[in-house]
Amino acid sequence: MIILPGPASQELGNRLASLLQTRLVPVFHRKFPDGENYIRLEGDLRDETVVLVQTTSPPQDERMMQLFLMADAAREQGARAIIAAIPYFAYSRQDKIFLTGEAFSAKTMVALLRGCGVRKIITVNCHNPHALKSFDIPVQDVSAIPLLAEYFMDQNCEGAVSLSMGKKGSSTAEEAASILKGGYDYVMTRRNPRTGAVTVEKKPLNVKNRKVIVFDDIISSGGTMAQTVSHVANQGAEKIYAACVHPILSPEARTRIIESGAAEVVGTDSVPSFVSAVSVAPVLAHTLHR
Ligand code: R5P
């Protein structure tokens with residue numbers, strides 16, 4: 001197996017190759033003067049299984065295009081099988097046709113990757129893993145929540161309450177609680193389809209004088225997390241941490257969350273950022289090893 005770290009996931013690709021103790025082939029990337037991407041795979045791939053490691057967080061179109069070029073170049077080089085490890089899978093939130101005439105963007109992305117030779121996709125905490133089952137190549141979703149929970153164990157948070165968003169997300173809190181051992185709960189969130197504004201349900205929570213870790217898959221504007229943290233703070237929690245898998249942080253998101261009462265914002269390197277304290281490399285390595 002050969003690891004090819006894409007331009008958006010160089011460090012993660014390096015970590016993965018070192019965990020798997022496998023060969024790494026560098027991917028040279030530059031931009032043409034008009035902004036188009038140039039990709040060259042710098043090693044022999046003939047008859048090998050190659051793993052392209054490339055997140056597709058913003059700028060997502062650019063990063064998707066780099067991934068298409070990497071896949072097609074690997075196929076040209078005679079790779080035997082091409083797997084795409086895409087920690088943050090752009091466009092996967094449009095996972096069905098909600099209104100007639102809409103593009104089903106998750107399906108389009110998978111079809112394009114398949115067209116470039118990809119035969120399997122591995123992604124991390126995808127928005128709706130159930131929607132991934134309908135595509136014509138396998139798309140496997142793995143969870144980085146245990147890695148986040150282990151990070152908090154190392155921060156002396158054993159026994160903290162795990163809290164997540166929405167009934168569907170309660171499995172996230174349950175997953176974290178199986179490691180943190182402090183029980184779990186969830187709050188419902190509602191997004192106004194016209195304005196995009198999110199409202200967090202103000203339900204009573206058993207968090208008084210306790211440490212609480214609020215988990216979400218994504219923090220973007222930070223609005224959902226800030227409202228939740230503020231609600232938890234009003235219920236008398238001792239210390240609150242905000243955790244997410246994909247820290248697509250807008251410039252003001254972290255400040256917003258800290259000002260609402262969180263002690264720290266923690267994410268993974270699925271989206272490399274200044275809060276990416278946890279690497280998803282172990283869960284990807286484990287999946288690829290199997
Ligand atoms: C929504 O479905 C996601 O799980 C996150 O709650 C959402 O993407 C967070 O967005 P924001 O940080 O902009 O509130």
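The structure displayed is predicted, hence computed values, not measured ones. By convention here, the first residue in the shown sequence is residue 1. Ligands are counted one by one from 1 in listed order, and the atoms in each one are counted from 1 as well.
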**Report entry** atom 13 (O) of ligand 1: the protein heavy-atom neighbour that sits closest, reported with distance to 0.1 Å
**Finding:** Ser221 OG, 2.6 Å
Query raised in the report: Taking the inter-plane angle between the rings of Phe152 and Phe215 on a 0 to 90° scale, is it parallel (under 30°), tilted (30 to 60°) or perpendicular (over 60°)?
Result: perpendicular
Report summary line: Nearest non-hydrogen contact to atom 6 (O) of ligand 1 from the set Thr224, Asp216, Val200 belongs to Asp216
Query - Donor-acceptor pair, side chain of His246 and main chain of Val124, under 3.5 angstrom - result: yes
Report task. Report the nearest protein non-hydrogen atom to atom 9 (C) of ligand 1: residue, atom name, distance rounded to 0.1 Å. Result -> Ile218 O, 3.5 Å
Query raised in the report: Starting from atom 8 (O) of ligand 1, which protein heavy atom do you reach first, and at what distance in Å?
Result: Arg93 NH1, 3.5 Å
Report summary line: If we number the atoms of ligand 1 from 1 as shown, the ones under 4.0 Å from a heavy atom of Ile219 are 12 (O)
Requested in this report: Flag Val198 as yes when one of its N or O atoms lies below 3.5 Å from any N or O atom of ligand 1, and as no otherwise.
Outcome: no
Query - Over all atoms of both residues, closest heavy-atom pair of Leu41 and Val25 - result: C-CG1, 4.4 Å
Report task. Verify, without hydrogens or angle tests, whether Thr22 (side chain) and Met1 (backbone) share a donor-acceptor contact under 3.5 angstrom. Result -> yes
Query raised in the report: Quick one: are Glu62 and Lys31 in side-chain contact, heavy atoms under 4.5 Å?
Result: yes
Query raised in the report: Going by distance alone, is a donor N or O of one side chain under 3.5 Å from an acceptor N or O of the other, for Arg63 and Ser57?
Result: yes
Query raised in the report: Is there a heavy atom in Asp217 that sits closer than 4.0 Å to ligand 1?
Result: yes
Query - Closest protein heavy atom to atom 10 (O) of ligand 1, given as residue, atom name and distance to 0.1 Å - result: Arg191 NH2, 3.7 Å
Query - Main-chain N/O of Ala8 paired to Thr55 side chain as donor or acceptor, under 3.5 Å - result: no
Query raised in the report: Quick one: does ligand 1 sit under 4.0 Å from the side chain of His127, the backbone, both or neither, non-hydrogen atoms only?
Result: side chain
